[in-house]
**Q** 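For reference, the structure I am asking about is given below.
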Amino acid sequence: MTTREIIIILLLFLLSINISLFSSVSVPKYVFAFYYPWYGPGIHWPEGRTDTPILGEYDSWDPKIIEQHLIWAEKAGIDVFICSWWGRSDYTDEAFSIVLAQIEKLDSKVKICPYIEQVNGDDSAVEEIEYILKNYGYSKAFFKLENKPVIFVYSRAMKQANWQAVKNRIKGEIILIADGKTNSNAFEGIHEYNPARLVDANNLSMIKAYYEGLVSFCRVNNKICALTVIPGYDDSHIRRPKPLIVDRMGTKLYSTLWKYAINSNPNWIIITSFNEWHEGSEIEPSEEYGDTYINLTKEYSLKFKETK
């Protein structure tokens, strides 16, 4: 064998071990939305909100409310709710089970998966994930890729455990999606919960460059790429020491971010948020905007899914 042949074989070998887990797996173009199941009588609503839901200050445990949310989500082309989840003993865990059951009952096209907001070290992370898999992972309403349950991890929780060690201890296969750039093998994908700080109303090309950069980073590091779009953001009503406000500019911001995201050609697009009323990032119908954002989401979801 010649030196040239040896070099070619070596290069092919190196290329083969750098092929993504998903090189042989189809990753459909899905649209996600962050979903908050933490509202109830006297729960969360008193903390403040930017806009007013047309359903009033509803109860997230109410099956009729969940049904309406699913109807709107289907209309908008949303495939998956990423459901805020704070642990086994939290209000959101019970809510997650109720939403899951309602999706099953209605045979909704919308699926859900959890957004792990916090953990308390490696042992806690392992226990929480194994609890999720045991109690919910079997459900047809739980979002899976290639039959592997998908779980998103918030930036705070990412700092609270060694996720490679956690992943190695989990019984069964899962897919973890990280909040923020990482080349850790523990995570098969990357998203960013809220790009609000990258939005400059006078120079929206900054977010365009960010989207393109994240897609490039994910391709180099063999990760699923999920780009996040927002309609606007305003946390000035929840007593933040330094409020952040990103004006909706009518619907210009939302439309522009969708166009930039679609043109960047990610695997997935995420909406922050369906119903984070405290931070004014909701697209759920409101007294202020009606169903404008549901209709816009439908339009752009279709365009995104039509791209190759």
**Q** For Lys181, what residues pass the salt bridge (charged side-chain N to carboxylate O under 4.0 Å, His left out) criterion, not counting sequence neighbours?
**A**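 Salt bridge (charged side-chain N to carboxylate O under 4.0 Å, His left out) list for Lys181, sorted by chain: empty.
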**Q** Please tabulate, for the side chains in residues 95-106, all donor-acceptor contacts under 3.5 angstrom to protein atoms that are two or more places apart in sequence or on a different chain.
**A**
residue: Ser97; atom: OG; partner: Glu94; partner atom: O; Å: 2.6
residue: Gln102; atom: NE2; partner: Pro63; partner atom: O; Å: 3.1
residue: Glu104; atom: OE2; partner: Ser139; partner atom: OG; Å: 2.4

**Q** For the pair Trp163 and Phe187, name the ring-plane relationship: parallel under 30°, tilted 30 to 60°, perpendicular over 60°.
**A**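 Tilted, since the angle between the ring planes falls between 30° and 60°.
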**Q** Can you confirm whether the side chains of Glu57 and Trp277 place a donor and an acceptor under 3.5 Å from each other?
**A**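 The answer is no; no qualifying pair exists.
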**Q** Tell me every residue that passes side-chain hydrogen bond (donor to acceptor under 3.5 Å, both in side chains) with Ser236, counting only those two or more places apart in sequence or in another chain.
**A**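 For Ser236, the residues satisfying side-chain hydrogen bond (donor to acceptor under 3.5 Å, both in side chains) (neighbours in sequence not counted) are Asp234.
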**Q** Looking at the rings of His278 and His44, which for Trp means the six-membered one, are their centres under 6.0 Å apart?
**A**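 Yes.
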**Q** Scan side-chain atoms only and decide if Glu192 and Tyr210 contain a donor-acceptor pair under the 3.5 Å cut-off.
**A**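 The criterion, which ignores hydrogens and geometry beyond distance, is satisfied for Tyr210 and Glu192.
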**Q** Taking atom types as modelled, is there a side-chain donor on Lys167 or Asn162 under 3.5 Å from an acceptor on the other?
**A**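 Asn162 and Lys167 do not have a side-chain donor-acceptor pair below 3.5 Å.
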**Q** Mind checking what makes side-chain hydrogen bond (donor to acceptor under 3.5 Å, both in side chains) contact with Glu130, not counting sequence neighbours?
**A**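 Scan of Glu130 (side-chain hydrogen bond (donor to acceptor under 3.5 Å, both in side chains), adjacent residues dropped) gives none.
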**Q** Could you measure the distance from the CG atom of Asn295 to the OG1 atom of Thr251? Nearest 0.5 Å is fine.
**A**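 One finds 11.0 Å between CG of Asn295 and OG1 of Thr251.
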**Q** Do Ser84 and Thr92 pair up side chain to side chain, a donor and an acceptor below 3.5 Å, judged on atom types alone?
**A**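 Not at all, the side chains of Ser84 and Thr92 share no donor-acceptor pair under 3.5 Å.
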**Q** Taking salt bridge (charged side-chain N to carboxylate O under 4.0 Å, His left out) as the definition, give me every residue that meets it alongside Glu288, ordered by chain and number, with sequence neighbours left out.
**A**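 Glu288: no salt bridge (charged side-chain N to carboxylate O under 4.0 Å, His left out) contacts found.
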**Q** Please list, chain by chain and in numerical order, all residues satisfying side-chain hydrogen bond (donor to acceptor under 3.5 Å, both in side chains) with Tyr136, sequence neighbours excluded.
**A**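 Asp93.
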**Q** What residues form a salt bridge (charged side-chain N to carboxylate O under 4.0 Å, His left out) with Lys75, not counting sequence neighbours?
**A**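 For Lys75 the salt bridge (charged side-chain N to carboxylate O under 4.0 Å, His left out) partners, ignoring immediate neighbours, are Asp291.
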**Q** Go through the structure and list residues passing side chain to side chain contact (heavy atoms under 4.5 Å, CB included) with Asp200, not counting sequence neighbours.
**A**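 Here the qualifying residues are Asn202, Asn203, Met206.
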**Q** Just checking, Arg248 and Tyr233: is the charged tip under 6.0 Å from the six-membered ring centre and within 45° of the axis?
**A**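 Checked: cation-pi criterion not met.
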**Q** With sequence neighbours left out, which residue pairs that include part of residues 57-82 fulfil the ring-ring contact (aromatic ring centres under 6.0 Å, His included) condition?
**A**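 Listed by first then second residue: Tyr35-His69, Tyr35-Phe81, Tyr39-Tyr58, Trp45-Tyr58, Tyr58-His69, Trp61-Tyr91, His69-Phe274, Phe81-Phe274.
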**Q** Of all residues at least two apart in sequence or in a different chain, which pass the side chain to side chain contact (heavy atoms under 4.5 Å, CB included) check with Arg169?
**A**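 Side chain to side chain contact (heavy atoms under 4.5 Å, CB included) check on Arg169 returns Asp122, Asp123, Val126.
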**Q** Between Tyr30 and Trp268, what is the ring plane arrangement, given parallel below 30°, perpendicular above 60°, and tilted in between?
**A**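 Tilted.
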**Q** Just checking Lys305: does its NZ atom have more than 12 heavy atoms from other residues, nucleotides or ligands closer to it than 6.0 angstrom?
**A**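 For Lys305, atom NZ is crowded (more than 12 foreign heavy atoms under 6.0 Å).
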**Q** Quick one: list whatever passes salt bridge (charged side-chain N to carboxylate O under 4.0 Å, His left out) with Lys109, sequence neighbours left out.
**A**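 Listed in chain order: nothing, the list is empty.
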**Q** For Glu276, give me all partners under side-chain hydrogen bond (donor to acceptor under 3.5 Å, both in side chains), at least two apart in sequence or on another chain.
**A**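 Not a single residue meets the side-chain hydrogen bond (donor to acceptor under 3.5 Å, both in side chains) criterion with Glu276.
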**Q** Please confirm whether the ring centroid of Tyr300 lies under 6.0 Å from the ring centroid of Tyr254.
**A**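 Ring centroids of Tyr300 and Tyr254 are no less than 6.0 Å from each other.
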**Q** If you measure only the distance, is there a donor-acceptor pair under 3.5 Å linking the side chains of Tyr154 and His191?
**A**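 Checked: Tyr154/His191 side chains show no N/O donor-acceptor pair below 3.5 Å.
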